[in-house]
Amino acid sequence: MTYAKTGGAAGGGTGWHVPEEDLRAYARGDLAAPLLWSADTHLAACAHCRGVLAGAVDPVALDAGWDRLDAELDAPRPGPLESLLLRLGVADHTARLLAATPALRRSWLGAVAAVLLLTVAVTAGHTAGGSPTLFLALAPLLPLAGVALSYGPALDPTHEMAVVAPTHGFRLLMIRTVAVLAVGLGLNGLATLALPGYGLRALGWLLPALALTTTGLALTARLGPVLAPSLVGGGWIALLVTAEAARVNAGDPLAPFTAAGQGVSALVAALAAGLLVLLRDRFDAGRANAA
């Protein structure tokens, strides 16, 4: 049996109407095909049956349905990164803050990958007996820049959201830092694999990268998220220029990439990490001022 439309009636109705018991079954979701299909078509043209259907629906359930629909329409759709984090058990507000991190966006990651590819291409063009100086000099700056982009009102478009998030400022900083470092160091590591001719010398960027990043974070508590990494990056470039001027033989590694230089980088990273922990409450003070 179906509900046939037989002609116009007053108020836009039809000559046939869906029986009330079928409308109640329709409201409960119990009406089976083909009556369900016919009822759908009939209700689109019959104001009378729509009125009867409205009276047959539990108003509490109807309001709850509208609320769920509004929430579904208003809720932003999680992107691939946020969906992955949610599947891994990350809290929804933490996943949202991580997904909004500028240094985890495709534009930034694409730029980093392009810079690394260009640097690897230039470095690989030299003889394997030399030193991958250009790559070693540039690679430590990329994680520092990525972390700098992840915190602070000047660079983070979601800073206001982060300020009111139910998360300790230092914890938020560490969550984003670990995420950015994991991605940044991973890209650097993949680029390193493209330089097999240099062996372990191509890994000389790792400890300087950690030293620059931790130093930049420690100074951020006092100097802010723009000035601190800028000074650290400038200091690194000045150090390389000085080391280049002091180098005797062109084939020798620069001082930061010698065994002694690597030891100094590890020490600086450890000291900066300790200072960062001591100054951790300053990040919440900065959030309170921003709020």
Side-chain angles (χ1 to χ4, degrees), residues 90-91 94 97-98 101-104 112 136-156 159 162-163 165-189 192 200 203-240 242-243 253-291:
V90 178
T94 301
L97 290 171
L98 276 174
T101 303
L104 295 180
V112 170
L136 295 178
L138 177 64
L141 291 172
L142 297 178
L144 173 67
V147 172
L149 284 174
S150 304
Y151 195 83
L155 299 172
D156 181 9
H159 180 72
V163 167
T167 305
H168 192 286
F170 182 72
R171 180 173 181 270
L172 171 62
L173 176 65
M174 289 297 98
I175 289 174
R176 282 189 163 182
T177 296
V178 170
V180 172
L181 278 180
V183 175
L185 297 182
L187 290 175
N188 277 356
T192 303
L200 293 178
L203 291 175
W205 59 267
L206 182 56
L207 286 175
L210 294 176
L212 293 182
T213 301
T214 51
T215 302
L217 287 173
L219 294 180
T220 293
R222 289 185 175 275
L223 302 179
V226 176
L227 181 58
S230 299
L231 290 177
V232 172
W236 172 248
I237 294 174
L239 175 62
L240 293 177
T242 303
L254 294 180
F257 309 120
T258 62
Q262 295 288 293
V264 171
S265 293
L267 179 61
V268 169
L271 293 175
L275 180 61
L276 179 61
V277 173
L278 291 176
L279 299 177
R280 61 187 180 276
D281 291 336
R282 287 181 174 267
F283 292 96
D284 276 325
R287 295 203 325 168
N289 294 334

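- What you find for Ala139 and Trp205 is that their closest heavy atoms are CB-CB, 3.7 Å.
- Considering every non-hydrogen atom in both Pro256 and Ala243, the closest pair reads CD-CB, 4.0 Å.
- In this structure Leu279 satisfies the side-chain contact (heavy atoms from CB on, under 4.5 Å) test together with Ala221, Arg222, Leu275, Arg282, sequence neighbours excluded.
- Listed here is the closest heavy atom pair of Phe257 and Gly204: CD2-O, 3.7 Å.
- At a threshold of 4.5 Å between non-hydrogen side-chain atoms, the residues Leu212 and Pro143 do not count as touching.
- Going from atom CG of Leu276 over to atom CG of Leu219 covers 10.0 Å, rounded to the nearest 0.5 Å.
- Atom CG of residue Leu206 and atom CG of residue Leu136 lie 11.0 Å apart, to the nearest 0.5 angstrom.
- Between Leu144 and Gly216 the shortest heavy-atom distance is CD1-CA, 4.3 Å.
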Distance-only donor-acceptor pairs under 3.5 Å for side chains of residues 231-240, two or more places apart:
from   : atom 1 : to     : atom 2 : distance (Å)
Trp236 : NE1    : Ala137 : O      : 2.9

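- Counting only residues at least two apart or on different chains, no side chain to side chain donor-acceptor pair (under 3.5 Å) pair has a member in residues 255-272.
- Counting only heavy atoms from C-beta outward, the side chains of Leu200 and Leu203 approach each other to under 4.5 Å.
- Ala145 meets the side-chain contact (heavy atoms from CB on, under 4.5 Å) test with Trp108; sequence neighbours excluded.
- Remark: Leu142 engages Val112, Leu116, Asn188 in a side-chain contact (heavy atoms from CB on, under 4.5 Å) (not counting sequence neighbours).
- Nearest approach of Val268 to Ala211, heavy atoms of both residues: CG1-CB, 4.1 Å.
- The shortest heavy-atom contact between Thr214 and Leu210 is OG1-O, 2.7 Å.
- Partners of Thr215 by side-chain hydrogen bond (donor to acceptor under 3.5 Å, both in side chains), not counting sequence neighbours: none found.
- Residues Arg176 and Val147 are not in side-chain contact: their nearest non-hydrogen atoms beyond the backbone lie 4.5 Å or more apart.
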